[in-house]
There are 2 protein chains.
Amino acid sequence: MANRSKTINYDPTSFPPFAVTADLVILTVRPPQLEVLLVRRSTAPFAGDWALPGGFVGPDQDIDDAARTKLADKTGVTINKAHLEQLASFGAPDRDPRMRIVSVAWLALLANPPEPTTGTEAEEAAWIPVNEIDHSALAFDHATILNAGIERAGNRIEYTTLATQFCGAEFTIGELRSVYETLWGTKLDPANFHRKVLASDGFVTETGKSCSTGRGRPARTYKRGPAERLNPPLHR
Amino acid sequence: MANRSKTINYDPTSFPPFAVTADLVILTVRPPQLEVLLVRRSTAPFAGDWALPGGFVGPDQDIDDAARTKLADKTGVTINKAHLEQLASFGAPDRDPRMRIVSVAWLALLANPPEPTTGTEAEEAAWIPVNEIDHSALAFDHATILNAGIERAGNRIEYTTLATQFCGAEFTIGELRSVYETLWGTKLDPANFHRKVLASDGFVTETGKSCSTGRGRPARTYKRGPAERLNPPLHR
DNA sequence: GAAATAGTGTCTTTGAGACAATATATG
DNA sequence: CATATATTGTCTCAAAGACACTATTTC
């Protein structure tokens, strides 16, 4: 192969190989907590530490397919029921002590996830509230990746309708509001939030039904609307 | 190494290696045109086609360092004079016919760049107006990457002060406006734009000087302010 | 003076946010 | 009834955009 650069001038097949992994920040909202799916590592390095679920990308596997597969593998949730987007790649030379590994990180947003399926694997997996996580105890550079995922999720719901991905098929405006409050760590005015959501074209559509949530007046329920972008956006 | 997944269950050192490249979308604004730095490939595959500048990440090289190095190599511009951020990674198995290559793409924003330094390389390099590019003629999946870069740049300048990266050290409000108009492909009201920029705290700071731009009343000049985020944001 | 660009003033509309008021459930 | 949540109404303030107007240059 010809050189493509003066500064990096070699045959890439001649040096120790890179491996590429797909690592996932899988978030769910259980008000008032934001939770992330973590696995406990059973082997070195970082044996016993919590880590993001992830795995190597196969030789003939598309990188998004690796992410989708891992998501289904860990949560039993197929891609049509969740949101999955690429987050960023992390590739410091020493981020994994075993070999050179570049991690392509993904962000997944999920509603009402089942308990993690540890069945076929030796690893322990669990939903952990993000504010209970000791970031310095996460394996590799996963604390950095987790932070990037949480920040991205908070930003996304400002301009897109993705907050509904954290709700079931039918939900109340109050439930949707608690998603925002959880991700943003703020309290929002119920009255103003209500009006803004209904005014945002295509954000939610009425089901015609109501549901009692325990105390208080029963709320009307809604389902996801056709819009993907929020117009106008919501502000923290 | 232990298995980290049921679905992907092998020793990554045992399969044909991945290579990782850093590919750059280097943009500059020469009103009324947005231009990108492309190199003409001299070898197969895609010999003779235009491609994004890029190169392999070295075995012990941080992925951002590979991007910084390539940027300096191609433009002679050091990182302090430009903005560089990670865009996304592209890793379809067949995106490069030679071998498995995952590309980490980066976005660079530059003002008044020198002509590309083709000196030490055999490759032809040139600034090409993006609306003159035949996307189907770009090598690999670089059309996709280029589009992602242009879209990202347009979004970034809504919420951040990065538009000033396309201006020289001192610039007029009109020059700044033409950056927005070029990236967004719209015309903005000069009066409202002027007021909004000056009202946005820390966006620009006065130099006290003026400059004549040919015809019309000479404009005051400004330099970049301390702010990184735009408050309130600008809208298209 | 005509044309061009810079910069200011002002009015209208829209959305954000505070908060009062009403509606309907549970205990 | 007290309390809690849902939903509607209303008022105020800030920002967006339209656009008239003034300022200062070149030709």
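Protein chains get the first letters and strands the later ones, always in sequence-line order, with residue 1 at the start of each.
Between A:E175 atom CD and D:dA6 atom P the separation is 9 Å, expressed in whole Å. Atom NE2 in A:H235 sits about 12 Å away from atom P in D:dA15, given to the nearest Å. A straight line from CG of A:L234 to C1' of C:dG15 spans 12 Å, rounded to a whole angstrom. Rounded to an integer number of Å, the gap from B:L188 CG to C:dT5 P is 15 Å. Atom CZ in B:R177 sits roughly 10 Å away from atom P in C:dG7 (whole-Å rounding). Rounded to an integer number of Å, the gap from A:L198 CG to D:dT7 C1' is 9 Å. The nearest whole Å value for the distance from the CZ atom in B:F193 to the P atom in C:dG7 is 12 Å. In this structure, CD of B:E181 is placed 13 Å from C1' of C:dT5, rounded to the nearest angstrom.
Checking C:dC19, D:dA15, D:dT24 against the side-chain heavy atoms of A:N192 singles out C:dC19 as nearest. You'll find that the side chain of B:P232 is closest to D:dA15, out of C:dT8, D:dT8, D:dA15. Among C:dC19, D:dT25, D:dA18, the nucleotide with an atom closest to any side-chain atom of B:R195 is D:dA18. You'll find that the side chain of B:R217 is closest to D:dA23, out of D:dT8, D:dG17, D:dA23. Side-chain proximity of B:R215 to the nucleotides C:dA4, D:dC19, C:dA16 is greatest for C:dA4. Picking from C:dA16, C:dA6, C:dT8 the nucleotide with the shortest atom distance to the side chain of B:T172 gives C:dA6.
A salt bridge is absent between B:K223 and B:E206; no separation between the charged side-chain nitrogens and carboxylate oxygens falls under 4.0 Å. Between B:D49 and B:R41, none of the side-chain N atoms (NZ, or NE/NH1/NH2) sits under 4.0 Å from a carboxylate O, so this pair counts as no salt bridge.
Side-chain rings of A:Y180 and A:F166 stay apart, their centers remaining 6.0 Å or farther from each other.
Among B:L176, B:L230, B:N231, B:V204, the single residue meeting the side-chain contact (heavy atoms from CB on, under 4.5 Å) criterion with B:T161 is B:L230.
In terms of heavy-atom proximity, A:I145 sits nearest to A:L52 at CG2-CD1, 3.6 Å.
If you check every strand for non-hydrogen atoms under 4.0 Å, B:A191 touches a base.
Place A:I173 and B:G216 on DNA chain D by their nearest nucleotides, and A:I173 ends up nearer the 5' end.
A close approach under 4.0 Å does occur between a side-chain nitrogen or oxygen of A:H194 and OP1 or OP2 of D:dT7.
Judged by atom type and distance alone, A:D189 does not reach the base of C:dA16 through any side-chain donor-acceptor pair under 3.5 Å.
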